[in-house]
Amino acid sequence: MKLSPRLPALLLAALVVTACAPQTSDNASSDKDEETGTLRVWLFQEVGNDPKQKVVDSVVAAFEKAHKGTEVDVEYIPIDTRAQRVKAAFNDPKSAPDVMEYGNTDTAGYVKDGGLLDVTKEFGDWSEAKDTDPTAKQSVTVDGKVYGAPFYVGVRALYYRTDVFDELGLELPTTMAELASTAREIRTARPDLYGLVVGGAYMYGAMPFVWANGGELATGKGGSYASAIDSAAAQKGIKAYTSLFGDDNCPAAKCAGMGGNDTITAFAAGKAAMAIGGDFSHTAVEAGKVKGKYAVVPLPGVTSGSIAPAFAGGNNIGVLKSTSHRTLAVELMEQLASKKTQTELFDAMGFLPTFGDVRQEVAAKEPFVKPFVETLAAGTKFVPASPAWSQIDSSLVLPTMFQEVISGKKDVAAASKDAATKMDDAFGSAG
């Protein structure tokens, strides 16, 4: 799931706090398909939720008008307690919603626990589905079956201070090596700034370095995965990222514990010349001291002119398996995730649409979106579609690995090997 400054301390790790997969007891599929009654919906409570609520209220009003005898009850739930709420819903279908928003990294875990409805046929019949971004579709797909509709997507790119670059006569870096050298050059000339602010707990800021160097989180498919974080290519990327923690760029004592929100806060406050931030970071940066003095470009890859693969974060809308209003619930899911709604949510909240054609339209309307759309078009990455990911994420396996290297407690080979062992244990226990 995308973890955004608009969401409490989340997503956005980049990101992103992933709900632990709940253990279920009674979430059997309902054999009812009632045509009237009340549909319960759970959506995430955003920081500054009113614009989102207005868009949703409009969707609900149109839906109720089109379906006489039907009411829609929308509840906005806190992101940081969603794990408990979803667990309770899966355990007690009578208290569960019919439709809910969920983080895209939660899909596999929720499917394993039998909580989400297989909507493969309905998604295939939905006329708008053909324009869904492939990575976004992957985030609702487990073992070839579809369990929801992508709601919005979020990726990260390189924010940089135009005034600092002008002052020092610097050119924009075109490779990751140039990014590192430029960051150190800025730190030398302006010791009051981090060259490139980085965070030891910022996994989704670190992973582009691994992916750009040819590394992967894991290999496998169909629910069977093995960690690849200790491969030679992955280790090269880990080394590239952790080398940025030092007095010549971002001192380990200050930066090792930083997460994604911390790095954006530092950039927005004028304490850094560069930062890796999301499209969802735009509002926070605009509200900071650097307003009018920054720009955004795609994060460069290893070779000149290339774009580093970014994590495709975001949220989805799904129907619970226990719903007694299957047809209505699926239709409401499609209305909430439609092109029209996603366009309105972009205008209201800045959430990037999951439809390729709609993204092009909003990019033409809002220039700040362009580098993020370019990043998406260049190819993005996603976490393994395994229910084990919830355990790996919540156990902080990867942030711990990065921090062990940054602190000097372990070298890259040892830290990545330990992380790989923990990941494989989780994959194995997930079945």
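We use all heavy atoms of the structure for the numbers below, so side chains are in, but hydrogens, waters and symmetry mates are not.
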Value for CG (Leu39) from NE2 (His325), rounded to nearest 0.5 Å, stands at 5.5 Å

message: Has Thr242 got a side-chain atom pairing as donor or acceptor with Val405's backbone, closer than 3.5 angstrom?
response: no

Output for pair (Leu396 CG, Met203 CE), nearest 0.5 Å, gives 10.0 Å

salt_bridge(Lys321, Asp118) N-O dist < 4.0 Å
no

Heavy-atom side-chain proximity of Val164 to Leu193 below 4.5 angstrom: yes

_Can you confirm whether more than 12 heavy atoms, excluding those of Lys121, are under 6.0 Å from its NZ atom?_
no

Next item on the list: Identify whether the distance between the nearest side-chain nitrogen and carboxylate oxygen of Asp106 and Arg82 falls below 4.0 Å.
Entry: yes

In short, Phe151 meets Leu336 closest at the heavy-atom pair CE1-O, 3.2 Å

Any carboxylate oxygen within less than 4.0 angstrom of a Lys/Arg side-chain nitrogen, looking at Lys145 and Asp143?
no

For Phe209, the ring-ring contact (aromatic ring centres under 6.0 Å, His included) test, sequence neighbours excluded, returns Tyr241

Inset, instruction - Show your working on side chain to side chain contact (heavy atoms under 4.5 Å, CB included) between Thr375 and Leu299 and close with a plain yes or no. - result: CA-CA 8 Å; Thr375 299; Leu299 183 69; over 6 Å; no

Can Met349 and Glu46 be said to form a side chain to side chain contact (heavy atoms under 4.5 Å, CB included), step by step? CA-CA 9 Å; Met349 303 294 293; Glu46 313 287 348; 3.8 Å; yes

In this structure, CD1 of Ile77 is separated from CD of Gln84 (nearest 0.5 Å) by 10.0 Å

Going through the checks in order, is the side chain to side chain contact (heavy atoms under 4.5 Å, CB included) test met by Asn104 and Asn315? CA-CA 5 Å; Asn104 63 9; Asn315 286 358; 5.9 Å; no

Q. Got Val153 and Pro353 here, is their nearest side-chain heavy-atom distance under 4.5 Å?
A. no

Q) Can we call the ring centroids of Tyr76 and Phe44 under 6.0 Å apart? A) no

Are the side chains of Val369 and Glu366 in contact, using a 4.5 Å heavy-atom criterion? yes

CD of Glu122 to OG1 of Thr327, rounded to nearest 0.5 Å, is 7.5 Å

For Pro208 and Met176 the tightest heavy-atom approach is O-CE, 3.6 Å

Residue set satisfying side chain to side chain donor-acceptor pair (under 3.5 Å) with Thr188, at least two apart, ordered chain then number -> none

Between Thr354 and Gln342: side-chain donor-acceptor atoms closer than 3.5 Å: yes

| query | Are side-chain heavy atoms of Tyr147 and Thr141 found at a separation under 4.5 Å? | reply | no

Quiz item: Just wondering, do Tyr202 and Pro399 contact through their side chains at under 4.5 Å, heavy atoms?
Solution: no

Taking every heavy atom of Val142 against every heavy atom of Ala108, the minimum-distance pair comes out as CG2-CA, 3.9 Å

Per ring pair (Phe, Tyr, Trp, His ring centres under 6.0 Å), Tyr152 is matched among Phe351, Phe280, Phe372 by Phe351

query: Does the side chain of Ser416 reach to within under 4.5 Å of the side chain of Met401, using non-hydrogen atoms?
result: yes

Shortest non-hydrogen pair, Tyr194 vs Pro251, comes out as CE2-CD, 3.8 Å

Rounded to the nearest 0.5 Å, the CE atom of Met333 sits from the CZ atom of Phe123 at a distance of 7.5 Å

Leu179 and Met274: side chain to side chain contact (heavy atoms under 4.5 Å, CB included), yes or no, with the steps?
CA-CA 9 Å; Leu179 177 67; Met274 295 184 286; 3.8 Å; yes

Does the side chain of Thr343 reach to within under 4.5 Å of the side chain of Leu345, using non-hydrogen atoms?
-> no

- Task: Decide yes or no for Cys250 and Leu244: does some side-chain heavy atom of the first lie under 4.5 Å from some side-chain heavy atom of the second?
- Result: no

So the side chain to side chain donor-acceptor pair (under 3.5 Å) pairs with at least one residue in residues 395-404 (sequence neighbours excluded) are Glu404-Lys410

key: Expected output: side-chain Asp133 to main-chain Thr135 donor-acceptor under 3.5 Å   = yes

- request: Could you tell me how the ring of Tyr160 sits relative to the ring of Phe165: parallel (under 30°), tilted (30 to 60°) or perpendicular (over 60°)?
  value: perpendicular

When rounded to the nearest 0.5 Å, the distance separating OG of Ser243 from CD1 of Ile238 is 12.0 Å

Margin query: Check whether Asp92 reaches the backbone of Ala88 with its side chain - one donor and one acceptor, N or O, closer than 3.5 Å.
Written below: no

Closer than 3.5 angstrom, by distance alone: can the side chain of Asn249 be matched with the main-chain N or O of Gly246 as a donor-acceptor pair? no

Correct closest heavy-atom pair for Pro150 and Lys137 would be CG-N, 4.1 Å

### Query
Is the side chain of Thr107 donor-acceptor paired with the backbone N or O of Ser139 at a distance under 3.5 Å, no angle test?
yes

| query | Do the numbers put Lys339 on top of the ring of Phe355, so that NZ or CZ is under 6.0 Å from the six-membered ring centre and no more than 45° off the axis? | reply | yes

For the backbone of Thr341 and the side chain of Ser338, can you confirm whether one donor and one acceptor N or O come within less than 3.5 Å of each other? yes

For residues Ser304 and Thr175, is any side-chain donor paired with an opposing acceptor at under 3.5 Å? no

Parallel, tilted or perpendicular, judged at 30° and 60°: which one describes the rings of Tyr159 and Tyr294? parallel

(Q) Strictly below 4.0 Å, N to O, side chains only: are Lys417 and Asp230 in salt-bridge contact? (A) no

The residue among Lys340, Lys52, Lys365 that forms salt bridge (Lys or Arg N to Asp or Glu O under 4.0 Å) with Asp347 is Lys365

When every non-hydrogen atom of Tyr225 is compared with those of Ala385, the smallest separation belongs to OH-N, 3.3 Å

Determine whether the side chains of Thr323 and Asp98 contain a donor N or O and an acceptor N or O closer than 3.5 Å.
yes

| said: With a 3.5 Å distance limit and no angle check, can you tell me whether Arg40 reaches the backbone of Ser95 through a side-chain donor-acceptor pair? | reply: yes

query: Going by atom types only, do Glu178 and Thr182 share a side-chain donor-acceptor pair under 3.5 Å?
result: no

Looking at Glu331 and Arg326, is any side-chain nitrogen of the basic one under 4.0 Å from a carboxylate oxygen of the acidic one?
no

